[in-house]
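Here's the structure, in structure tokens; my notes come after.
Residue numbers begin at 1 in each chain, while the letters A, B, ... track the order of the sequences.
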Amino acid sequence: MHSRRILVALATLLLASPRVGAGLPTADPPEMPVAHSLAAFRQALQSGGPGKDGIPSIDSPRFQSAVAAEDVLEDNDKVIGLYADGEARAYPQRILVWHEIVNDEVGGKAISVTYCPLTGTALGFERGDTQLGVSGKLVNSNLVMYDHATDSEWPQILGVAIDGPLAGHGLEEFRVFWTTWGAWKARHPDTRVLTEQTGYVRNYQRDPYGSYNPRGGYYLPQSSRLFPVMAGSDRFPPKTEIFGFRTEEGAAAITRDALREETVVEMPLGDSHYTVVHDAGLDTGWVFHNPRRAEVSIDGLRFGPEGVTGAGLEEFERVNAFEAMWFAWTAFYPDTRVYTGEGMP
Amino acid sequence: MKAIAMMVAMLVKDPRMLALIVLVTLVYGGLYLWLNGDISGGGTGGWQAAFPAWERAFEARGPFQFEPVGLIQVGTLVWTFSPLNTLLALMMGGLLGLAVAAGLKVWKAPRQCGLSASGAGTLAGIPALLAGGACCAPLVLIWLGLPIAGTVASISPLLVPLALVILLVVLWRLAKSLTSSTS
């Protein structure tokens, strides 16, 4: 009887989240909403054109100093920034557009920085002992990754495996920043920057889809999407950039203009409450779980390398968030709450 | 096959036909490489060439699409050079050049039966061009704003073989009508 109890306790411990799925840190159940069934996601999978690893991930990234990067980056060029354990890194968008995934290591932790050009989304994931790769498939135009350990398939925005041995599990995320080179180096002057020495030959001066500096081609807000979606909404032009976050209780999006103008946005979601703070330096947001609805004023906040501090925010749990094109966000989260600046959503 | 070989031998003996074949090969080959993204803009002026990745020459990026091994920049043009993509582009261009030259020869001949085959030969190059465009950067679809990249991507593995088969059938038909009109 006693040994049976120990076995039950062990089984409970093994099933508790987070846990490691074949070397990959995952959570079961996932910590984010899954609006469609996994079967529906699998049915909506599309070939993106290139085959598996046809868009090759960068597995041995090389970095240069911010001073050296000045020769190849303009202030308004988009970068994906990462800060962890006192180390800052910038991954230029014009390199990631050709690779979509960088399997990197920061502060002794194995991570993947991922970017999907077709949905304008950058997310960071912990990868444990394995690596993430580009499957060549898309769902809602979004990059579908696979892990080398189990070959499970993970749409990037969803962060949950839709196929393979880890189907239904969620990846462990960490925050990365979709910002500009000028803003990132101002916040992190000692940042290291990914170089073009990727091990592959690509024309890194050219983005095959368009341009962010200045904005053009596929990235224009009113331009059409290329692939079908599971759910559509005409509320905003398809490529309008929104700032979104999701929890087990649902998803919420804020228009960039509303966030910039109001600087602090209160968002109820499910039975809970969240405070979103605008970071003018990086032109992005920070999301905090604020269940007691404590008042937060932008005047009491300080923005530095470690993030946003002050006004008691240290006591709140930080929630991951990221920018995305509207058509993709609403395709994954058709029931999303949306805040456009007219008051409480 | 023998008829095609005889036709090719006859065409390349004619300097004007040979020039036409070379011209079509180069124009089509360049267009194919531009549509599949190997040749593009973004160069910063001047010229440079580096070939750091010969070991990737046979690595596939997608159906009939291979990894570049080097980068050649001339002015604003950048060519990420893949030997196999280039070979494929020139092969398709060469077959199309032969079809156009043979079609012209048949058209000039007394019998009219080659006219439709000549047109078909020219059209035969289109699937391969689509294949190039469908693979890595759906440039044309972005310009046109068409949400059909999924459809094009799903049929892209068939486009190059389809173009090859059409071109060979057209060449065979042209070779037959050419040999019968000259005999």
Side-chain angles (χ1 to χ4, degrees), chain A residues 43-57 71-72 74 94 97-100 117-118 134-142 196-211 216-220 222-230 232 237-239 327 331, chain B residues 35-45 50-57 59-73 76-82 130-157 159:
Chain A
Q43 272 187 341
L45 279 172
Q46 293 248 320
S47 165
K52 191 174 186 178
D53 293 323
I55 296 174
S57 59
D71 292 340
V72 289
E74 292 178 20
R94 63 183 177 78
V97 73
W98 292 103
H99 297 281
E100 303 193 358
L118 293 179
V134 180
S135 72
K137 298 173 190 172
L138 301 171
V139 63
N140 295 325
S141 289
N142 186 227
E196 295 177 5
Q197 314 307 310
T198 59
Y200 292 88
V201 176
R202 292 291 185 275
N203 181 358
Y204 292 116
Q205 304 306 316
R206 175 184 154 268
D207 181 328
Y209 303 104
S211 163
Y218 180 84
Y219 305 128
L220 287 170
Q222 68 276 15
S223 68
S224 305
R225 57 182 168 73
L226 289 173
F227 292 89
V229 289
M230 298 169 80
K239 314 289 178 56
F327 83 89
Chain B
L35 277 172
N36 82 355
D38 279 10
I39 293 177
S40 59
T44 50
F51 300 89
W54 282 107
E55 72 279 7
R56 299 202 186 277
E59 281 181 25
R61 294 168 67 182
F64 304 97
Q65 177 82 3
F66 297 90
E67 277 289 339
V69 301
L71 188 142
I72 301 162
Q73 179 185 305
T76 56
L77 279 184
V78 177
W79 182 7
T80 49
F81 173 72
S82 154
L130 274 175
C135 188
C136 291
L139 287 170
V140 179
L141 300 178
I142 291 171
W143 293 337
L144 298 175
L146 296 175
I148 56 164
T151 313
V152 176
S154 63
I155 60 168
S156 69
L159 293 174

Which residues pass the side chain to side chain donor-acceptor pair (under 3.5 Å) test with A/Glu74, sequence neighbours left out? A/Asn213

Quick one: what part of B/Glu59 sits under 4.5 Å from any heavy atom of chain A, side chain, backbone, both or neither? side chain

As an exercise, state the distance from [atom1] of [X] to [atom2] of [Y], rounded to the nearest 0.5 Å.
{"X": "B/Ile39", "Y": "A/Asn203", "atom1": "CD1", "atom2": "CG", "answer": "11.5 Å"}
{"X": "A/Asp53", "Y": "B/Arg61", "atom1": "CG", "atom2": "CZ", "answer": "12.5 Å"}
{"X": "A/Tyr204", "Y": "B/Leu71", "atom1": "OH", "atom2": "CG", "answer": "10.0 Å"}

When B/Pro52, B/Ser82, B/Gly41, B/Gly43 are compared by non-hydrogen pairs under 4.5 Å with chain A, the top option: B/Gly41

Between B/Ala53, B/Ala50, B/Ala60, B/Gly70, which residue shows the highest count of heavy-atom pairs closer than 4.5 Å to chain A? B/Gly70

Between B/Glu67 and A/Pro56, what is the shortest heavy-atom contact and its length? OE2-CG, 4.0 Å

Considering all heavy atoms, the nearest B/Gly42-A/Gln205 contact: O-CB, 3.1 Å

